[in-house]
Amino acid sequence: MDSPFPPARVPAEDAPEYLARLNPEQRAAIETTDGPLLVLAGAGTGKTRVLTTRFAHILLSGRARPNQILAVTFTNKAAREMRERIGALLGAPAEGLWLGTFHSLCARMLRRHAEYVGLSSNFTILDTDDQMRLLKQVIESYRIDTKRWPPQGIMGVIQRWKDRGLTPPRVSKAEDCDFADGRCRAIYEDYQKRLIQLNACDFGDLMLHMTEIMRTHPDVLAQYHRFFRYILVDEYQDTNTIQYLWLRLLAQRGEGQANICCVGDDDQSIYSWRGAEVENILRFEHDFPGAHVVRLERNYRSTRQILGAASGLIAHNEERLGKTLHPGRDDAEGEKVRVISVWDSDDEARMVGEELERLHKDGHPLSECAILVRAGFQTRAFEERLIAIGLPYRVVGGLRFYERAEIRDALAYMRVLSQPSDDLAFERIINVPRRGIGNTGLQKLHLHARARDIPLTAAVLEMLAEGQIKGRAREHLTALMKCFGQCREDLPREGHVVVVERLLEDSGYLDMWKADKSPDAPGRLDNLKELVRALADFENLGGFLEHVALVMETEENAGNERLSIMTLHGAKGLEFDTVFLPGWEEGVFPSQRTLDEGGAKGLEEERRLAYVGITRARLRAIISHAANRRIYGNWQSAIPSRFVEELPPEYVHATGDATRARHNGAMRSPVFGATPFPVVARRRPVVDATTSDTPARRSAFPIGTRVFHQKFGYGTVTSVEGNRLEVAFEKAGPKRVIDTFVEQVS
Ligand code: ATP
Ligand code: MG
């Protein structure tokens, strides 16, 4: 009677409205407020809803004040949504909550205790560019052969240590790997010192510093123990070691049980490549003795058909706990999952566009539709199609294709090629890749151009002629201007595709990305090749640039009524009425990198990603695979993803739609009976990283090699000069091309 709190379990008939709407297992998960609790359940079973309602329940039952609950979500978007839903349950906006991602929560804590690690509370958080710049400065004094040990690789080693909670003194000698001749640990230590001197943190430091402070300052930890009476964690399957350590420190108090509630699904663990450890979820009961484990088996999101398809697919994984999922909605029979085979990516985009138009006409809101891709390069075809038919879209968690840095750079090169007086474009690329032109150099250039009333490119030429540019910059700018000049001369004769390829290669721009060892560099190269592919659809460079300018302009004001395009990774936790899952082909999904290097574990993770994809759909899931795909700029005939075959046939309606393709004469597959289709070996030309920035590197294609070029078709290499090939094309005649843009034909 005297208890300040209402009884933990409210009889069903007296339950507040927010509890009455839940099933008994969900209610149990919410009403077991005290002690450790793990909700381990499949997609769409209401885990996030349980967490949100639990938050509100703790507040409404007076167990804690808003700032006494710590709630962790996987993305900022998820945090925003949870805050809104809690506000709706409380009937008032929720303020002052400790609700956010691991990083945002840690940043907020670290501002309070920065001095313990030698920072002041106004420390800056560096972006990735700044991090690299700083690391390169540190490396300089080590005289490391950066060709052999690229700084990006060293950064990778440091980040992995940080993900595992290893501060420099905690890195044992044995941990220090062969990378950089065993000097990574020393570099790491110096890099951390420099960060402190700059009063700065990198992203990984936010968690690392906070965890270290709590480990070494019991008073700080005790303060947080008093502070946070309840801890809630969503997407627990994707926590990495440092996040796990941080949570455990906060949750394991000396006295009494930890009030920690984690929800997760081992089948949706898709971030092992970023150090996530699915074992954390399996260890929960061991770490928190007496933990309750609640399983939820009713899926309230998807139709029975979608659920059947997703469950059948994930059953092919061996490493899983195994869960049953029953449809939780009465109206939930639904339509079968559609698997559509299309001709190529343009046809795929057309098919998706038509479906979307039909749905839109029938009154389905666009905001309830999503296209979920495996890799960033896939979005371009959809974006162009959607713009062409006027359907508004947003690319969630990433940039629209033509807004990506590498695409904008390449476009700037093309703009200067077509219009030497385009100063804005020239300014963008003058020092990309680095050509030794600093701010002062650029200023001088501007002054000269303004004084003479000439464009920057002309100013460069004049200043070079007058000997006003010296040293490394002189050498590089002379080469760049020569390259533009030559390309401009070649343009009318050789056509825009070949010349743009040459420009990107000879200016050193492609080499810059090839030498970049950061994880997103291969994706950027894929995007660049996709850009050149798009170029081939236009008569000339001017036409293409005009098209792009128009495409970029369409930053429409469609409010929320837009469909979403995002990666499968970014779609975790979200739901839509209709989900399109394009590109289900071997080499795209599962990705080529997984097939080459991922082994059985990698493949299981890709399959979990497929499971995440299908289970985002409430009513409709439409999977497609193309018979032919231009990857790395070249045509390849594609095999449907193994995941397509693994879908249980009773839940699938397959349509072979490839024949209604755009009939692009020369590009017909033998399967469909037209001109023979190129079977292209799946390999990239070998680029030796150690020599990639010397222009005269050896080509991977000796004389006599039979090759395929996306625009000119088949041909035979007749001469080789560095990376330039002279190819006798069967239809297009002799042409000079860059080796990056041809593939050997088997
Ligand atoms: P995921 O694994 O994809 O993150 P989840 O387990 O977090 O999924 P939620 O997003 O919380 O699932 O819930 C899926 C959908 O089902 C939501 O639209 C939610 O509102 C609804 N839902 C959950 N529980 C119930 C219920 N008891 N009755 C009706 N609808 C429910
Ligand atoms: Mg969820």
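Read the numbers this way: they start at 1 and go in the same order the structure lists the ligands and their atoms. Quick caveat: nothing in here was measured; it's all calculated off a predicted structure. Heavy-atom basis, side chains included; hydrogens, waters and symmetry copies ignored.
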Query raised in the report: Gly46 heavy atoms, cut-off 4.0 Å: which ligand 1 atoms fall inside?
Result: 5 (P), 6 (O), 9 (P), 11 (O), 12 (O), 13 (O), 23 (C)

Requested in this report: Could you check if a side-chain atom of Arg620 sits within less than 4.5 angstrom of a side-chain atom of Glu335, using non-hydrogen atoms only?
Outcome: yes

Query - Lys47/Asp234 ion pair, N-O < 4.0 Å - result: no

Report task. Check ligand 1 against Leu22 and write out every atom of the ligand that is under 4.0 Å from a heavy-atom position of the residue. Result -> 27 (N)

**Report entry** Residue, atom name and distance, where the atom is the protein heavy atom closest to atom 16 (O) of ligand 1
**Finding:** Tyr300 CB, 3.2 Å

Query raised in the report: Are Arg320 and Glu604 close enough for a salt bridge, meaning some N to O gap below 4.0 Å?
Result: no

Query raised in the report: Are His316 and Phe643 close enough that some pair of their side-chain heavy atoms sits under 4.5 Å apart?
Result: no

**Report entry** Protein heavy-atom partner closest to atom 10 (O) of ligand 1 - residue, atom, separation in Å
**Finding:** Arg301 NH2, 3.0 Å

Report task. Identify the protein heavy atom lying closest to atom 27 (N) of ligand 1, giving its residue, its atom name and the separation to 0.1 Å. Result -> Gln26 OE1, 2.8 Å

Query raised in the report: Within a strict 4.5 Å, meaning less than it, do heavy atoms of the Met566 and Leu372 side chains meet?
Result: yes

**Report entry** Shortest protein heavy-atom distance from atom 14 (C) of ligand 1, along with the residue and atom involved
**Finding:** Glu575 OE1, 3.4 Å

Query raised in the report: To the nearest 0.1 Å, how far is atom 22 (N) of ligand 1 from its closest protein heavy atom, and which atom is that?
Result: Arg49 NH1, 3.2 Å

Query raised in the report: Hey, is ligand 1 close enough to Asp265 that some N/O pair sits below 3.5 Å?
Result: no

Query raised in the report: Hey, which atoms in ligand 1 end up nearer than 4.0 Å to a heavy atom of Gly573?
Result: 4 (O)

Requested in this report: Using a strict 4.0 Å threshold on nitrogen-to-oxygen distance, state whether Arg642 and Glu586 make a salt bridge.
Outcome: yes

Requested in this report: Look only at interatomic distance and state if Ala43 has a nitrogen or oxygen under 3.5 Å from any nitrogen or oxygen of ligand 1.
Outcome: no

**Report entry** Option set Gly44, Gly264, Ala41, criterion heavy-atom distance to atom 8 (O) of ligand 1, minimum
**Finding:** Gly44

Report summary line: Within 4.0 Å of some non-hydrogen atom of Arg21, the atoms of ligand 1 are 26 (C), 27 (N), 28 (N)

Query raised in the report: Is the backbone N or O of Ile622 less than 3.5 Å from a side-chain atom of Arg338, with the two atoms forming a donor-acceptor pair by type?
Result: no

Requested in this report: Taking only heavy atoms of Arg616 into account, list the atoms of ligand 1 that are under 4.0 Å away from them.
Outcome: 3 (O)

Report summary line: Residue, atom and distance of the protein heavy atom nearest atom 5 (P) of ligand 1 read Lys47 N, 3.4 Å

Query raised in the report: Can you tell me if CD on Glu650 sees more than 12 non-hydrogen neighbours from other groups inside 6.0 Å?
Result: yes

Requested in this report: May I ask you to decide if the ring planes of Phe203 and His103 are parallel, tilted or perpendicular, using 30° and 60° as cut-offs?
Outcome: tilted

